[in-house]
**Q** 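Pasting in a structure now, in structure tokens, and then I'll have a few things to ask.
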Amino acid sequence: MPNKGRRVKQRDGQQEDEHDVPIKQMKVVNGSAPLCFDSPRDFFQSLISPVGLDEFFQQYWEQKPLVLHRSDPHLASYYGSLFQLSDLKQLCARSLRYATDLNVCRCVDGKKKVLNKAGKVKFSQLKKDLEERRATIQLHQPQRFKDELWRIQERLECFFGSLVGSNIYITPEASQGLPPHYDDVEVLILQLEGQKHWRLYQPTVPLAREYSLEPEDRIGPPTHDFILQPGDLLYFPRGTIHQADTPAGVERSSHLTLSTYQNMSWGDFMLDVIPGCVFDCMRRDGEMRSGLPRNLLTAPSSGSDVNKRMSVFLRRLADALERDNHELRSTAMKRDFISHRLPPYLLEQAELEPAGKLPSLEDTVCIRFKEHLLLTVEPSQDNTDEATELVVFVLHSLKNKRETHMMGTPDDDDEDDDEEEEVVSQFQGLRFPSSHLAALEQLLRVDRVPAAQLQLLKDEDKLGLLLGLWSEGLLQVCQTP
């Protein structure tokens, strides 16, 4: 039976002194809230306390695991309230379905064995799976159902500027749900109930871009070996090989896995912004507009001459980026994030309506829901005979559905046509001429802007911008301080 004491082992298998390993003790001031939701930055700082933000991102983020052991009953009680087995019983009455909402699995002889039934989930069957088959229950995206998890993940999405998913794992004693594997996401583990024995291993693919199983005979000894208890937190980078089991003598373990930064690398960003850079460069560079060699697309291979020509163009592109301080335009990544992220926490339908009086040039105005709004600059998709022009879109997540967060795209047969048209219209965004970009950035950069001082030449353009944002519920007249 694993030692129930908290420890971390190094690669040589020797137990190190607690001062030599990344384990921190957390103290919570009596009477204070366990987590601070005042701002995304404050929230994440409170989540990883006592480690500071600078220390975390300089020493741990994408580099190595961090284990935080907390001996604080207040924090342990809060973690335990995030999800309990009784919550799962209530959710089963809401027609959860196997595979879509929940998996039942067990690690057998180093392999994952899925024990799902067909159709809807019955709690009596889940309880039998836990107690008799010693199976692990994996609930997908519980923030769809639990308000406090919605609150936590909304703050994290604002902090990282990236989607944040989650799973709940409930594992009975002396059992393991998944074999050793690594993920393509940055992972935060919050221990909610019971104890979980973790073993982490050196990555075979650092900062991996995909999920993969790793046979235990290939991964070597663990770099870290420890027990998490309620209130504890674990972080490890994508690519970290890991496995976890509930020790014997512990009735069950429940933990929350928070994951983020999937497809958020420099390479992903380059795939998004380079087409826009090429589009701009082609306007200035006649050689880039010259025709391809005949039959290049039908040839078996492109050949070294084509590679050399492409290298010349890429160097010119790099030089132009440095010389002209070119504004990089992310479109696909921004749209993917804004269209799939959580809406603001506990946002009511009435809050989506235009707020307050119609703005005029005599007013001072401010943006509402600034954390849930972003801009893209894209080529116009209008089918005209005129030259393609750039336009600005204002995108927001206010109308996103919390109930479908991180659940993928529903089947076409399940969508109502009217709802589909509304979603498509929403994510096309509010469209403005590119001349409005400076004024929009001005509104996002500062808290309050006198309408007359918006960075637009014509008063009619200023009023048009104000009316468009106000009608969408994104702008309001500020109260006089």
**Q** Any side-chain donor paired with an acceptor under 3.5 Å for Y79 and R70?
**A** yes
**Q** So among E173, Q176, Q195, which one has a side chain to side chain contact (heavy atoms under 4.5 Å, CB included) with D245?
**A** Q176
**Q** Would you please say whether a donor-acceptor pair under 3.5 Å links the side chains of T171 and S253?
**A** no
**Q** Is there a donor in the side chain of Q143 and an acceptor in the side chain of S166, or the other way round, less than 3.5 Å apart?
**A** yes
**Q** Classify the side-chain pair S304/N307 by whether it contains a donor and acceptor separated by less than 3.5 Å.
**A** no
**Q** Tell me yes or no: between the side chains of H372 and E154, is some donor less than 3.5 Å from an acceptor?
**A** yes
**Q** I'd like to know if the side chain of D272 pairs up with that of S330 as donor and acceptor (distance under 3.5 Å, no hydrogens or angles considered).
**A** yes
**Q** Can we call the ring centroids of H181 and H242 under 6.0 Å apart?
**A** yes
**Q** Hey, do the aromatic rings of Y201 and Y182 have their centres closer than 6.0 Å?
**A** no
**Q** Taking the six-membered ring for Trp, are the ring centroids of F236 and Y60 within less than 6.0 Å of each other?
**A** no
**Q** Side chains of E148 and Y78: is there a donor and an acceptor less than 3.5 Å apart?
**A** yes
**Q** Does some side-chain heavy atom of T257 sit less than 4.5 Å from a side-chain heavy atom of I168?
**A** no
**Q** Strictly by modelled atom types, are Q262 and D184 linked by a side-chain donor-acceptor pair under 3.5 Å?
**A** yes
